[in-house]
Novice: 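Before I ask anything, here is the structure I am working with.
Quantities reported herein were computed from a predicted structural model and do not represent experimental measurements.
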Amino acid sequence: ADHFRLTQPVLGIDDSDVLCVTLAGLCHDLGHGPLSHLWEGQFLAAAESADPSMKPPCHEDLSCAILDLLLARNEIDISPWLLPEDIEFVKALIRGSPSPFTDGDAMRLGSKGVPGSDKSFLYEIVANQRSGFDVDKLDYFERDCAFAGTVKVSFDRSRLMAQARVAALDQGSDADDKGTDAERSSGSVLHICWPVKCVFEVMQVFITRFSLHYELYQHRVVSAIGLMLRDALVLADRSQSFRVYGGPQGTAALRLCECGGARDPGLAGYLQLDDGILSVIVAEARRQQGVAGASSDGGRVDDDLQAAAALLRRIERRDLYRFAGSVTFEEGVQVPSMDSVANDLVALSRGALDADQLRVDLRRVHCGQGPRNPLERIWFFDNKGASASETRDSLGAIGDDAQLAVPTAFRHPSASYAARLPSAFEERSLRVFVTDDAALGAAQDALAQWCDERSLCSVDGLCFIGNSVPESEVQTVSVTRD
């Protein structure tokens with residue numbers, strides 16, 4: 001935001017705008033639970049699948065709630081710097097879209113397409129819902145590449161940020177935009193754009209995303225550990241003896257999946273949770289064993305909690321779920337549900353496998369927009385400058401020549417860079433794991449037979465599918481990290 005204030009004064013960005021965007025950047029991930037995306041994307045998803053009536057909040061909503069708590073509990077007076085409605089704007093930036101319940105001026109909407117009044121482009125900085133290209137991605141891509149070492153950063157973050165400008169896009173000529181119907185049907189709108197000379201560097205950001213998911217976030221060892229952590233949390237959540245105290249008075253005994261939800265309105269339970277919950281599970285299981293061993297009547301040991309602790313100890317020993325094989329689906333082919341594949345494999349094993357021994361995991365790796373070219377969601381401008389008449393027309397001839405500091409935005413035709421694009425933007429596969437070594441051979445045989453019955457070929461243990469799947473077996477899926 002400060003960059004746009006310095007390079008394009010016509011946008012009217014002031015100190016409060018810069019401070020609000022800065023606060024949103026600092027606070028937008030406050031609401032992540034233990035183990036970050038695994039908590040929300042796998043554990044809570046499993047809990048909701050088991051109990052559809054449970055509607056866990058997303059981490060963005062929790063981030064906003066925690067921000068309110070930080071201000072209230074620490075008695076922070078924001079009046080020297082911000083108005084109360086500015087905090088609502090910060091929370092809207094965290095969510096990535098303006099609140100329909102707050103005044104448009106407070107949400108920085110103003111007169112659409114008019115520089116100095118319309119500041120809706122500020123929503124594209126922290127959590128860009130339109131294209132997925134935002135500072136959050138640039139930050140964790142660069143950090144994860146540096147610490148993991150498996151993927152090298154192939155873009156220059158500083159250069160991309162320095163080259164960014166706010167430009168005016170004619171919504172009428174952009175039917176593919178993700179905006180509302182009203183936005184698409186009238187006038188122009190302001191968006192963050194890049195000069196056409198940066199098209200390949202912007203693409204490298206999305207290629208880096210693909211590489212990180214392919215080689216790191218969804219590596220099969222990472223997936224095996226993730227499945228074990230999910231199973232351990234589900235077992236601990238199901239345990240009758242493992243509870244977190246929270247609720248309005250801090251006295252309600254909450255299951256893990258209830259922390260941060262309707263039964264925990266003040267977040268008293270949720271705020272106790274961090275990655276140390278894994279150590280607490282193991283310690284409580286050991287305490288129960290000690291009490292049971294010292295008791296004359298044998299005491300009571302919670303089987304679910306003991307099973308959760310046993311899984312966590314297996315991870316420490318690197319005794320992981322074993323990989324049996326995978327099925328990769330070509331573009332356009334529908335993906336069967338994970339449950340249906342597991343049931344098929346159990347049936348094909350002729351009693352050698354049971355469902356508890358199998359874990360079928362979806363792996364969906366893409367550049368940010370599924371099977372689509374992510375550059376279709378990015379706008380560019382001519383860094384040599386549009387003509388004055390073109391720019392004035394795109395802004396609706398709003399007046400003063402100073403407005404010409406806002407360039408005209410457009411889609412960059414893919415034909416001009418097609419040779420540099422990957423042949424596909426998404427890869428989808430189902431991977432099969434077994435919970436113990438004894439089941440590995442039977443699972444591999446069943447998977448090979450499953451592929452053979454569908455006329456699939458098997459290469460080095462990986463099965464590739466090219467035919468369609470019955471509609472009844474189709475499952476809608478999503479990626480666990482943005």
Side-chain angles (χ1 to χ4, degrees), residues 32-50 56 148 212-239 256-257 275 277-279 281-282 285 304-328 335-346 349 353-365 427-444 446-447 450 461-463 475-481:
H32 271 305
L35 309 172
S36 191
H37 290 271
L38 186 144
W39 180 269
E40 185 175 357
Q42 295 194 49
F43 165 60
L44 290 183
E48 187 176 9
S49 177
L212 280 166
H213 276 271
Y214 192 92
E215 299 184 40
L216 183 62
Y217 304 146
Q218 298 188 62
H219 186 277
R220 70 186 191 186
V221 175
V222 174
S223 294
I225 294 173
L227 290 169
M228 296 178 75
L229 289 171
R230 181 204 66 187
D231 289 352
L233 290 171
V234 168
L235 286 165
D237 182 63
R238 196 168 65 194
S239 165
L256 290 176
C257 67
D275 291 0
I277 191 68
L278 304 180
S279 298
I281 291 171
V282 174
D304 285 331
L305 189 64
Q306 297 301 319
L311 274 176
L312 296 175
R313 286 192 289 267
R314 281 185 60 180
I315 294 174
E316 291 178 353
R317 300 193 305 269
R318 204 173 174 81
D319 177 17
L320 308 179
Y321 289 171
R322 295 293 299 278
F323 175 72
S326 68
V327 181
T328 300
V335 182
S337 72
M338 292 178 277
D339 287 343
S340 71
V341 174
N343 291 335
D344 288 345
L345 296 179
V346 170
S349 72
L353 293 172
D354 62 63
D356 289 340
Q357 293 176 300
L358 289 175
R359 299 292 183 272
V360 181
D361 177 51
L362 175 76
R363 182 177 187 244
R364 185 167 176 244
V365 181
E427 180 182 296
R428 301 165 304 148
S429 61
L430 289 175
R431 297 190 291 197
V432 178
F433 296 85
V434 293
T435 59
D436 57 86
D437 291 350
L440 181 59
Q444 290 174 330
L447 182 59
W450 189 87
L462 300 181
C463 304
Q475 172 174 289
T476 302
V477 293
S478 60
V479 178
T480 57
R481 183 165 194 173

Novice: Under 3.5 Å, side chain of Gln306 to main-chain N/O of Ala285, donor-acceptor pair present?
Specialist: yes

Novice: Can you tell me how far OG of Ser337 sits from CG of Leu362, rounded to the nearest 0.5 angstrom?
Specialist: 11.0 Å

Novice: Starting at CG of Asp361, measure out to CZ of Arg220 and round the result to the nearest 0.5 Å.
Specialist: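 Asp361 CG to Arg220 CZ: 13.0 Å, rounded to 0.5 Å.
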
Novice: Using every non-hydrogen atom in the two residues, find where Ala355 and Val346 come nearest and quote the distance to one decimal.
Specialist: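 Closest approach of Ala355 to Val346: N-CG2, 3.7 Å.
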
Novice: What heavy-atom pair brings His213 and Val365 nearest, and what distance separates the two atoms?
Specialist: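 Heavy atoms of His213 and Val365 come nearest at CB-CG1, 3.8 Å.
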
Novice: Test side chain to side chain contact (heavy atoms under 4.5 Å, CB included) on Thr328 and Leu430; report intermediate values, then the result.
Specialist: CA-CA 7 Å; Thr328 300; Leu430 289 175; over 6 Å; no

Novice: Short question: side chain of Asp354, backbone of Gln357 - any donor-acceptor pair under 3.5 Å?
Specialist: yes

Novice: Short question: side chain of Arg359, backbone of Asp356 - any donor-acceptor pair under 3.5 Å?
Specialist: yes

Novice: Sub-3.5 Å donor-acceptor pair from the side chain of Asp237 to the main-chain atoms of Leu233, do we have one?
Specialist: no

Novice: Of all the heavy-atom pairs spanning Gly226 and Leu38, show the shortest one and how long it is.
Specialist: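 Between these two residues, the closest heavy atoms are CA-CD1, 3.5 Å.
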
Novice: How long is the gap from OG on Ser239 to CG on Leu256, to the nearest 0.5 Å?
Specialist: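 Answer rounded to 0.5 Å: 9.0 Å.
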
Novice: If you compare all heavy atoms of Ala342 against all heavy atoms of Leu358, which two are closest, and at what distance to 0.1 Å?
Specialist: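 That would be O-CD1, 3.8 Å.
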
Novice: Output the distance between atom CZ (Arg230) and atom CG (Leu235), rounded to the nearest 0.5 Å.
Specialist: 10.0 Å

Novice: Taking the cut-offs as 6.0 angstrom to the six-membered ring centre and 45 degrees off its axis, would you call Arg363 and Tyr214 a cation-pi pair?
Specialist: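 Yes, a cation-pi geometry.
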
Novice: Between atom CZ of Phe43 and atom CG of Leu35, what is the distance when rounded to the nearest 0.5 Å?
Specialist: 10.5 Å

Novice: Going through the checks in order, is the side chain to side chain contact (heavy atoms under 4.5 Å, CB included) test met by Arg431 and Gln218?
Specialist: CA-CA 11 Å; Arg431 297 190 291 197; Gln218 298 188 62; 4.2 Å; yes

Novice: With no hydrogens and no angle check, is any side-chain donor or acceptor of Arg322 less than 3.5 Å from a backbone partner on Val434?
Specialist: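 The answer is no, because no donor-acceptor pair under 3.5 Å joins these two groups.
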
Novice: Nearest 0.5 angstrom please: Leu311 CG to Leu227 CG, how far?
Specialist: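 Reported value, rounded in 0.5 Å steps: 11.0 Å.
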
